[in-house]
K.L.:
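First the structure, which I've put down as structure tokens, then a few questions once you've had a look.
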Amino acid sequence: MQQGAVYSRDELMRIAEVCRTNGALVLADEIYALTTYDIETFVSMGTLYPEGTFVTGGLSKDRSAAGYRFGACILPSESSDKIYSDFAKTAATLYTNITTPVQYAAITAYSPPDPAIDRYLKETRDIHRMMGGYFSRVFSSVEGISTTKPHGAFYFLADLNELKLLLEKKGIVSSNNLQKALLAHPWHVATVTGGCHHDAGKQFFSPYRIRRL
């Protein structure tokens, strides 16, 4: 569920130890890695368990380039020739669907470090930190609502379960109902519902996506 949370090195090391012991493969979706507010604290699973980790990312999110749909995957260090061959076949059916401008943008974005891009990423991280922190604090100030404190990306999770009885009296019996009610409100607040993230039954969780307008 989208919370703006970031795994610590210790947490990832424990996960890597379990995976290494059991020979498990890891699909690490690190598409928001470069939006980690304190970027120095980010640790990629691929650096701790390189022999068994597929690291995925994408231009639109990890470079904060909305609409530039371009996916990337770093294969495990011990991948067989067959895995490389299979991925090449899969990629061939994907990159032909990517528009030429996006392909050129990806070449620049994934080239060696560029001071201009580094400045841009720092600025977007600062903006996400400011907006995510502000809105999570504002939501938490409402009696009955608790939120996560985001450490990356542009999401935080709002827990409205303390208001369950009050919401049910208004005919709102699930997070999906809550989403529609918030959208219909005069302020038109848009959320991603807990139901979209397979919450259990009649729960009231809503991950909030904070975007610049």
Side-chain angles (χ1 to χ4, degrees), residues 1-37 39-114 116-118 120-121 124-125 128 150-155 157 192-200 207 209 211:
M1 190 175 288
Q2 296 153 331
Q3 302 180 30
V6 177
Y7 282 108
S8 68
R9 173 180 286 274
D10 288 342
E11 290 170 328
L12 290 175
M13 287 180 66
R14 290 196 293 270
I15 294 173
E17 182 179 352
V18 172
C19 293
R20 187 171 285 115
T21 298
N22 293 277
L25 294 176
V26 175
L27 180 60
D29 180 7
E30 298 181 2
I31 199 166
Y32 292 110
L34 294 180
T35 63
T36 303
Y37 302 157
I39 192 63
E40 295 80 8
T41 66
F42 175 78
V43 179
S44 171
M45 189 66 175
T47 64
L48 301 179
Y49 185 43
E51 69 273 23
T53 302
F54 294 82
V55 178
T56 62
L59 183 63
S60 66
K61 298 295 193 299
D62 68 17
R63 296 304 194 275
S64 293
Y68 282 69
R69 301 301 180 183
F70 182 99
C73 181
I74 300 174
L75 304 185
S77 59
E78 298 182 4
S79 295
S80 65
D81 290 340
K82 185 178 187 306
I83 289 179
Y84 279 108
S85 175
D86 289 345
F87 260 79
K89 293 175 183 176
T90 301
T93 64
L94 296 177
Y95 63 66
T96 53
N97 292 320
I98 299 173
T99 62
T100 298
V102 172
Q103 292 188 48
Y104 275 105
I107 291 172
T108 299
Y110 291 110
S111 292
D114 182 322
I117 292 179
D118 289 342
Y120 170 73
L121 292 175
T124 57
R125 284 194 293 269
H128 292 325
H151 295 279
F154 36 79
Y155 297 95
L157 181 70
V192 181
T193 71
C196 293
H197 297 273
H198 309 290
D199 64 4
R209 185 179 188 185
R211 299 304 300 270

K.L.:
Can you tell me if OH on Y7 sees more than 12 non-hydrogen neighbours from other groups inside 6.0 Å?
P.N.:
no

K.L.:
Could you tell me whether the side chain of Y155 and the main chain of P150 form a donor-acceptor pair under 3.5 Å?
P.N.:
no

K.L.:
For V102, what residues pass the side chain to side chain contact (heavy atoms under 4.5 Å, CB included) criterion, not counting sequence neighbours?
P.N.:
L59, Y68, F70, I98, T99

K.L.:
Tell me if a side-chain donor or acceptor on T35 pairs with a main-chain N or O of A153 at a distance below 3.5 Å.
P.N.:
yes

K.L.:
Looking at side-chain heavy atoms only, is the closest gap between L34 and I39 below 4.5 Å?
P.N.:
yes

K.L.:
Within this structure, what is the CG-CG distance for the pair L27 and D29, rounded to the nearest 0.5 Å?
P.N.:
7.0 Å

K.L.:
When you compare the side chain of Y110 with that of R63, does any pair of heavy atoms fall below 4.5 Å?
P.N.:
yes

K.L.:
Search all heavy atoms of A28 against all heavy atoms of T53 and return the closest pair with its distance.
P.N.:
CB-CG2, 3.9 Å

K.L.:
Please, which pairs that meet side chain to side chain donor-acceptor pair (under 3.5 Å) have at least one residue in residues 41-52, sequence neighbours excluded?
P.N.:
R20-E51, E30-S44

K.L.:
Check salt bridge (Lys or Arg N to Asp or Glu O under 4.0 Å) between D86 and all other residues, then give those that pass, not counting sequence neighbours.
P.N.:
K82

K.L.:
What heavy-atom pair brings A109 and I117 nearest, and what distance separates the two atoms?
P.N.:
CA-CD1, 4.1 Å

K.L.:
Around N22, counting heavy atoms of other residues, nucleotides and ligands shown, do more than 12 lie under 6.0 Å from its CG?
P.N.:
yes

K.L.:
How would you list, by chain and number, every residue that makes a side chain to side chain donor-acceptor pair (under 3.5 Å) with S77, sequence neighbours excluded?
P.N.:
none

K.L.:
Does some side-chain heavy atom of V26 sit less than 4.5 Å from a side-chain heavy atom of F54?
P.N.:
no

K.L.:
Y32 versus T36: any side-chain heavy-atom pair under 4.5 Å?
P.N.:
no

K.L.:
Nearest 0.5 angstrom please: S60 OG to D62 CG, how far?
P.N.:
8.0 Å

K.L.:
What pairs of donor and acceptor atoms, side-chain ones from residues 11-18 against any protein atom, are under 3.5 angstrom apart with sequence neighbours left out?
P.N.:
unit_1: E11; atom_1: OE1; unit_2: S8; atom_2: N; d: 2.8
unit_1: E11; atom_1: OE1; unit_2: S8; atom_2: OG; d: 3.3

K.L.:
Report yes if some heavy atom in the side chain of F154 is under 4.5 Å from a heavy atom in the side chain of T124; otherwise report no.
P.N.:
no

K.L.:
Measuring from H151:NE2 to Y37:OH, what's the distance to the nearest 0.5 Å?
P.N.:
9.0 Å

K.L.:
Could I get the full list of side chain to side chain contact (heavy atoms under 4.5 Å, CB included) partners for I74, not counting sequence neighbours?
P.N.:
V55

